[in-house]
Structures are given as structure tokens and as C-alpha cells.
Amino acid sequence: MNGCCEKYHPCQALADLMTIYEVAGAFKGMTLTYVGIHNNVANSLVAGCMTLGVKLLLVTPIINPPSWDEELMQQAYRSGLIEKADSLTEAAARSDFVYTDTWIDMEFYHDDHYQEEKNRRLEKMLPFQLNRNNLAGHTPYIMHDMPIHPGFEIEAELVESERSIIYQQAENRMHVQKALLLHLLT
């Protein structure tokens, strides 16, 4: 079982998709936007959305090289379910859910040796912050897999907003992991 590696984070994606299903009651007809660094979470969302028929819009101006899976992405774009988008505002207008993730790998967030890369990422990604301005009046459900860095990848007010399902998503990690372990043990 892969709980998390550089290329994939399938346990997180299972919880994310469970949350979408709980909120929407279906996968068919749903559109999810992922905005952030193209990383292991993005790859697992791609695989999950293709499997379940969820439209996924990727607003990923930076690719984390160790995470890139060329074969997966070729298959994804051919599927017609996965699209690259350049504008968070345009993607949010088409989305039922908008999901963001930290821009800085958790293990490097406070690492002095990573400051140059951290600053480069922050400069490149700040125009793509999940905030009210970039949502431009659209009201998708807000998702984040935590840890959250308010003021960076997401505006602090959105974390606690009425459209935030971030805490439901976090709780679902526990339920999905238990179900997965039970499935593997039986």
C-alpha cells in the first residue's frame, strides 16, 4: 500500500474524493480544480478523477520534477477529463470544488537551506492564491489537504468560510484509512 511517496499520495486522494461524493452525492457531472504545485497529490487526483469520471482542471504553474509522471499525464489529457488551465479565475468559474495544497514541501518549510526555492515558489505562485479575488464571485466548495499556510496558498478567510469543506476532508482521511486497512486485512 502506498500511503505517500514523491509521485503519489493515493490515501489523500481517496479522502478527497470521498469528501466530494459526500457533498455532491455523485461524481458524474462534477468539476474539480486543483491549484498549486503539480506534485504527488495532483497525480493521485488525476488518477482518481479519471477512474471516477470527475472533470479535473489543473492550474499548476510549477511542476515538482520528482513528482512528474509523463505516462500518467499523457493518458490523462487523452481521457478528456483532465485539462490544463492557466487562470484560476476561469477554472473556478467552471468548478464545483477548488482544491489547493501547500506550495512548499512540508519537510522544507522551515529549512534554511530551502529559502531560495521557497522564495521562488512564493513569487511564482502568489498570483494563483486561492482567494476571493481569484474566485471572482464564484462559490465553489473549498478544499485543502493541510497543513494550511494562510496568506500563502489560501486566503485565511476562506479556510473558515461557509463553503469550506477542509475539516470534513481532514476527518475523512481517518475514515478512508480505516476502510482501506480493513479492506487489506480481509
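Counting begins at 1 with the first residue of the sequence.
Residues Asp145 and Tyr99 are in side-chain contact: their nearest non-hydrogen atoms beyond the backbone lie under 4.5 Å apart. The closest side-chain heavy-atom distance from Val46 to Leu58 is below 4.5 Å. In this structure, Val98 and Pro140 have side chains that are in contact, with non-hydrogen atoms separated by less than 4.5 Å.
Among Ile165, Ile154, Val159, the single residue meeting the side-chain contact (heavy atoms from CB on, under 4.5 Å) criterion with Ile142 is Ile154. Under the side-chain contact (heavy atoms from CB on, under 4.5 Å) test applied with Leu130, the options Thr100, Asp101, Val59 reduce to a single match, Thr100.
Between the side chains of Asn172 and Tyr21, not a single donor N or O lies within less than 3.5 Å of an accepting N or O. Side-chain N/O atoms of Glu71 and Gln75 include no donor and acceptor closer than 3.5 Å. In the model, His38 has a side-chain atom that pairs as donor or acceptor with a side-chain atom of Asn43 under 3.5 Å. A donor and an acceptor atom, one from each side chain of Gln169 and Asp16, are located under 3.5 Å apart.
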Worksheet item: Yes or no on side-chain contact (heavy atoms from CB on, under 4.5 Å) for Ile20 and Asp96, after CA distance, side-chain angles and deciding distance?
Response: CA-CA 9 Å; Ile20 289 170; Asp96 304 289; over 6 Å; no

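In Lys124, the NZ atom is not crowded: 12 or fewer heavy atoms of neighbouring residues, nucleotides or ligands sit closer than 6.0 Å. Atom CD of Gln168 has more than 12 heavy atoms from other residues, nucleotides or ligands within 6.0 Å. Heavy atoms from other residues, nucleotides or ligands lying under 6.0 Å from CD of Glu6 number 12 at most.
Looking at Asn40, its side chain never comes within 3.5 Å of a backbone N or O of Ser67 through a donor-acceptor pair. A donor-acceptor contact shorter than 3.5 Å links the side chain of Lys118 to the backbone of Tyr109.
Between Arg121 and Glu117 there is a salt bridge, since a side-chain N of the basic residue sits under 4.0 Å from a carboxylate O of the acidic one.
Taking the six-membered ring where the residue is Trp, Phe108 and Tyr114 present parallel rings, their angle staying beneath 30° rather than reaching 60°.
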